[in-house]
There are 2 protein chains.
Amino acid sequence: MAAPRYRRRKEDRPQEITEAAFSVFAEKGYASARLDEVARRAGVSKGLLYLYFNTKEEIFKAVIKSVVIRRVDALLDAVDTTELPSEEFIRGPLLKFMQGVPGSPVAIVIRLLISEGQRHPDLVDYYWDNVVSKGLAAIGGFIERGVARGEFRETAVSELPQLVIAPMMLSMIWRILFTKRSLDTDKLMETQIEMILAYIKA
Amino acid sequence: MAAPRYRRRKEDRPQEITEAAFSVFAEKGYASARLDEVARRAGVSKGLLYLYFNTKEEIFKAVIKSVVIRRVDALLDAVDTTELPSEEFIRGPLLKFMQGVPGSPVAIVIRLLISEGQRHPDLVDYYWDNVVSKGLAAIGGFIERGVARGEFRETAVSELPQLVIAPMMLSMIWRILFTKRSLDTDKLMETQIEMILAYIKA
DNA sequence: ATAGTTAATGACTGGTAAGTCAGCAAGGTT
DNA sequence: AACCTTGCTGACTTACCAGTCATTAACTAT
């Protein structure tokens, strides 16, 4: 007896589709991504996509959200529960976290958002609410905690946690555009951290 | 006698077309931009586009190049000819230049390159050669000059001029994605400059 | 004026890809 | 085994848009 031509796996399909879609969007961007290609990589027919999602845009949003949902909480928890002095936490776990971002799926999401954000403002809001605002608040709050403890002095950095992540952003863009040209992105971020610490230390 | 339906203006057309195309690409991105719309905004027929350019891609490249060609040289000249001490030049003209970038067409070009760069590597090379490598070399060389003069000490910053422009990159991305959320991008860049100067001053 | 040159038009074509749907078959039910 | 439900298929439809080209008309030269 022949193997069945397909298996019914209702539970697994959505994730398989979003994973395939992520890889296609990552390579092609939203507009140039072909749903036929998504279906092919997911090992299903194109029609099946439309049983789980209504439009290409809906697939896109599901992809973004599926990537965002993971990860961020790890950092937030660490910030809340760490026993380390502020300076050591910043030099250690925070720096390591930042250094991991440019090579992670988050970088691809950022690129997709930069490209398509204007036409999907609700997605941008979602990303803001779940990643950016939380992340910045965590870093900012952490610095303020250091100030309250007398470890740091009061500087503009308290209100500009973006300074901490700026080299991370540049590293992401660099990798997207200038893979060929070498740049020690780890050292870039490390140096920024050293500079900030030297600047704010009491 | 009736006004003519159109005027023949061979000299002006290419620029008019690239300006119209820039505005459409800025709003829609490359893939979603419609050449009918470009023609409409340029006040010409679609067929005319193809008398001056062979493909949509060629128009895109002309747009990028037309924006890049301007501007950069101003900074480079200033770097070469300034009489100011390094620290004052960095605090003054260099900071002002950087603060102007996120609101300029350069920011839109960056967005287009982030979106489309993977499929137009020659454009990325062009941008690298004419903007990024020159700009970074100028900043890096300027810092090294300060070191040579004894104004600055030797630090990792000499090999990482990207640190200077990182907040500028973040500011561009911020404006693209999070226009609604306020951020004092001028102060962000200013603080970074202060921090770097404090860090590298002899 | 007249003829010649070429900038410019706009209806058309061909290819492409999102989205549809009638039928099929996997797997459960009795 | 016969029947039913529904996950799944893939050929099809429809709309759109980059790129074409036969035609028109603005300008030039004589």
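What you see below is based on every heavy atom in this structure, not just the backbone, and it leaves out hydrogens, waters and symmetry mates. To find a chain, count down the sequence lines: A is the first, B the second, and so on, and within it residues start at 1.
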From OG (S158(B)) to CD1 (I200(B)), nearest 0.5 Å: 7.0 Å

Where do N or O atoms of nucleotides 2-4 of chain D meet protein N or O atoms at under 3.5 Å, pair by pair?
none

Could you go through L123(B) and F60(B), starting from their C-alpha distance and side-chain angles, then the distance that decides it, and tell me whether this counts as side-chain contact (heavy atoms from CB on, under 4.5 Å)? CA-CA 10 Å; L123(B) 259 191; F60(B) 183 62; 3.6 Å; yes

In short, R7(B) meets R13(B) closest at the heavy-atom pair O-NH2, 2.8 Å

Six-ring centre of Y199(A), R153(A) cation under 6.0 angstrom, axis tolerance 45°: yes

Could you work out which one of dT9(D), dG19(D), dA26(D) sits closest to the side chain of S45(A)? dT9(D)

Between dG19(D), dC17(D), dC8(D), which nucleotide gets closest to the side-chain atoms of Y6(A)? dC8(D)

Would K56(A) pass as a cation-pi partner of Y30(A), given that its NZ or CZ must be under 6.0 Å from the six-membered ring centre and within 45 degrees of the axis? yes

Atom of A33(A), atom of V24(A) and distance for their closest heavy-atom approach: CB-CG1, 3.6 Å

Which part of the nucleic acid, if any, lies within reach of L35(B) when heavy atoms closer than 4.0 Å are counted: base, sugar-phosphate only, or nothing? sugar-phosphate

Please give, in whole Å, the distance from dG19(D) P to Y52(B) OH? 18 Å

Assert: residue with more 5' nearest nucleotide on DNA chain D, out of G47(B) and R7(B), is G47(B)

Can you see whether F152(A) has K201(A) sitting over its ring - NZ or CZ less than 6.0 Å from the centre and within 45° of the normal? no

Checking R119(B) against S32(A): is there a side-chain donor and acceptor pair closer than 3.5 Å? yes

Modelled atom types, side-chain donor and acceptor of S171(A) and T185(A), under 3.5 Å: no

Which two nucleotides bound the region of DNA chain C that has atoms under 4.0 Å from heavy atoms of chain B, read 5' to 3'? dT6(C) to dG10(C)

Of E19(B), E27(B), E16(B), which meets salt bridge (charged side-chain N to carboxylate O under 4.0 Å, His left out) against R41(B)? E27(B)

Atom CZ of R5(A) and atom P of dT6(D): how far apart are they, to the nearest Å? 21 Å

Might you work through the side-chain contact (heavy atoms from CB on, under 4.5 Å) test for T18(A) and I59(A), ending with a clear yes or no? CA-CA 7 Å; T18(A) 51; I59(A) 294 175; 5.5 Å; no

Rounded off to whole Å, could you give me the NZ-to-P distance for the K56(A) and dT14(D) pair? 21 Å

Send over the distance from L49(B) CG to dA18(D) P, rounded to a whole Å. 10 Å

Interatomic distance where NZ belongs to K46(B) and P belongs to dC21(D) [whole Å]: 14 Å

Within residues 8-32 of chain A, find the residues that approach DNA chain D with a heavy atom at under 4.0 Å, and present them sorted by residue number. R8(A), R9(A), K10(A), R13(A)

